[in-house]
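Computed from heavy atoms alone, side chains included, the values below leave out hydrogens, waters and symmetry copies. Order of the sequence lines fixes the chain letters, A, B, ..., with proteins taken first and strands second; residue numbering starts at 1 for each chain.
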Number of protein chains: 2
Amino acid sequence: MSNHKNIKPTESELEILAILWEKGPATVRDIHEVLEQRKDAGYTTTLKLMQIMLEKGLVDRDTSNKTHVYRATVSQKDTQQQLLSKMIDTVFNGSASQLVLQALGNRHSSAAELDAIKAYLDEMEKKSK
Amino acid sequence: MSNHKNIKPTESELEILAILWEKGPATVRDIHEVLEQRKDAGYTTTLKLMQIMLEKGLVDRDTSNKTHVYRATVSQKDTQQQLLSKMIDTVFNGSASQLVLQALGNRHSSAAELDAIKAYLDEMEKKSK
DNA sequence: ATTTGACTACGAAAATATTCGTAAATACAT
DNA sequence: ATGTATTTACGAATATTTTCGTAGTCAAAT
C-alpha cells in the first residue's frame, strides 16, 4: 500500500535520484561530482535541478548546516514500479512476461541471479494453486 | 545485428509508435482516433507529431494517395531493447534480474506465461554450461 | 462550377525542461 | 577586518516538446 502519488521525474531528475538512492543523502556537490563524469553540466545547473526537485517533493533536505544535504523522498521501488508499469503498457503490449523475456535475452545475468528468478517463479506458482 | 542508431522517441511519439506496431500501417486519422480515447488532442496535433516523426526517421509514409499511410521504421523489439537497457542502467542499478523480479512481482502473469519464462531460463542455463 | 468535407503543410504559441550567469550569504583563513 | 572559497537563491536564456490555428489542396457531391 505504499504510494499513490504519480511519480514522474524527468530524465535529469531520474539521474539524480539514482545517485541519491545509491549513495544515500548527499550534497549538491556530491551529486554534481558524479554527474560531471558522464556529462558536462555546470554546478549551478545541478543545484537548480535539485531545487526544482525539492519543490516537486521528489527530495527533501536538511538545511541545518550551510551546505544542505538532500535525500530522496520517493523510494526506488515505487519509482521502479511506476516506470515499469508505464513501459509495459506502452511498449510491451501490456504483457509483463514479454518484458521479462526481452530483459533476460539481451543482458547477462549470473547463474545465481537466474536461480533466484526461478525460485521466485516457483513460489508464485505454488501460491496461485 | 539489427540496429545501431539511437532510438529516442519522446513520450508522445512512443504512444504513436505503439499504435503503429499494433495495427500496422495507418493513417493519421486511424492513429488519432485511438489517441482520442485517452487524451484530448486536436487532429492537427497528431498530424504534426507524425510529420516530425517522419523527419526524425521514426516512420515513413506512402504518399501515393491523398491520404498518407504511415508505417513505423523502428522495430518494436529494437525500441524495447533500447528503453529497457536505459531503464536497467538508471533505475535498476544495472541489474536485469532486479528488474525482472520487480516486473513479475506487481503484475499478474498467467501460469502459461510463467512457464514460458521458466522454460527460457532452463534453456539459458543449459547453454551456459 | 461551386460547395463541402477531409486532408496536408507549416508557422508559431504554449508548455516544459535544461542550462547558466550573477548576486548574496556564510565560513574559514589570513 | 579583509579576502577567498564555497554555497544557495533566483531570474532568465535556451532548448525541447506539445499544441493548435490557418491556409492551401484535393476529391466527391450537389
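Comparing dA9(D), dT18(D), dA9(C) by their closest approach to the side chain of Leu47(A) singles out dA9(D).
Between the P atom of dT17(D) and the NZ atom of Lys8(A) lies a distance of 13 Å, rounded to the nearest Å. Residue Lys39(B) contributes atom NZ, which lies 7 Å from atom P of dT18(D) at whole-angstrom precision. The separation between Glu11(A) atom CD and dT19(C) atom P is 11 Å, rounded to whole Å. Separating the CD1 atom of Ile16(A) from the P atom of dT18(C) is a distance of 9 Å, rounded to the nearest angstrom. Counting to the nearest Å, the C1' atom of dT8(D) and the CD1 atom of Ile31(A) are 16 Å from each other.
Nucleic acid contact class of Thr44(B) (heavy atoms, under 4.0 Å, all strands): base.
Residue pairs meeting the ring-ring contact (aromatic ring centres under 6.0 Å, His included) criterion with at least one member in residues 46-88 of chain B, sequence neighbours excluded, do not occur. Residues in residues 41-54 of chain B take part in no side-chain hydrogen bond (donor to acceptor under 3.5 Å, both in side chains) pair, two or more places apart or across chains.
Contacts of residues 49-60 of chain B with DNA chain C (heavy atom under 4.0 Å): Gln51(B).
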Can you name the atoms? Protein N/O to nucleotides 11-15 of chain C N/O, anything below 3.5 Å, with the distance.
unit_1	atom_1	unit_2	atom_2	d
dG11(C)	N7	Lys48(B)	NZ	3.4

Polar-atom pairs under 3.5 Å, protein N or O versus N or O of nucleotides 3-7 of chain D: list them with distances, or write none.
unit_1	atom_1	unit_2	atom_2	d
dT6(D)	O2	Lys66(A)	NZ	2.4
dT7(D)	OP1	Arg29(A)	NE	3.2
dT7(D)	OP2	Arg29(A)	NE	2.5
dT7(D)	OP2	Arg29(A)	NH2	2.6

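Put simply, CG on Leu35(B) and CG on Asp30(B) are 11.0 Å apart, with the number rounded to the nearest 0.5 Å.
Put simply, Thr45(A) has a side-chain N or O that comes within less than 4.0 Å of OP1 or OP2 on dC20(C).
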Run the side chain to side chain donor-acceptor pair (under 3.5 Å) check on Asp62(B) and Ser64(B) step by step: do they pass? CA-CA 6 Å; Asp62(B) 175 352; Ser64(B) 59; 2.6 Å; yes
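Here Lys86(B) pairs with Glu11(A) in a salt bridge; the nearest charged N to carboxylate O distance falls below 4.0 Å.
At a threshold of 4.5 Å between non-hydrogen side-chain atoms, the residues Ile31(B) and Met50(B) count as touching.
Shown here for Leu104(B) and Met124(A), the closest heavy-atom pair between the two residues is O-CE, 3.8 Å.
Gln102(A) places no side-chain N or O within 3.5 Å of a backbone atom of Gln80(B) that could act as its donor or acceptor partner.
Taken over five-pair windows at either terminus, the axes of the helix from dA1(C)-dT30(D) to dT30(C)-dA1(D) are inclined to one another by 10° (rounded to 10 degrees).
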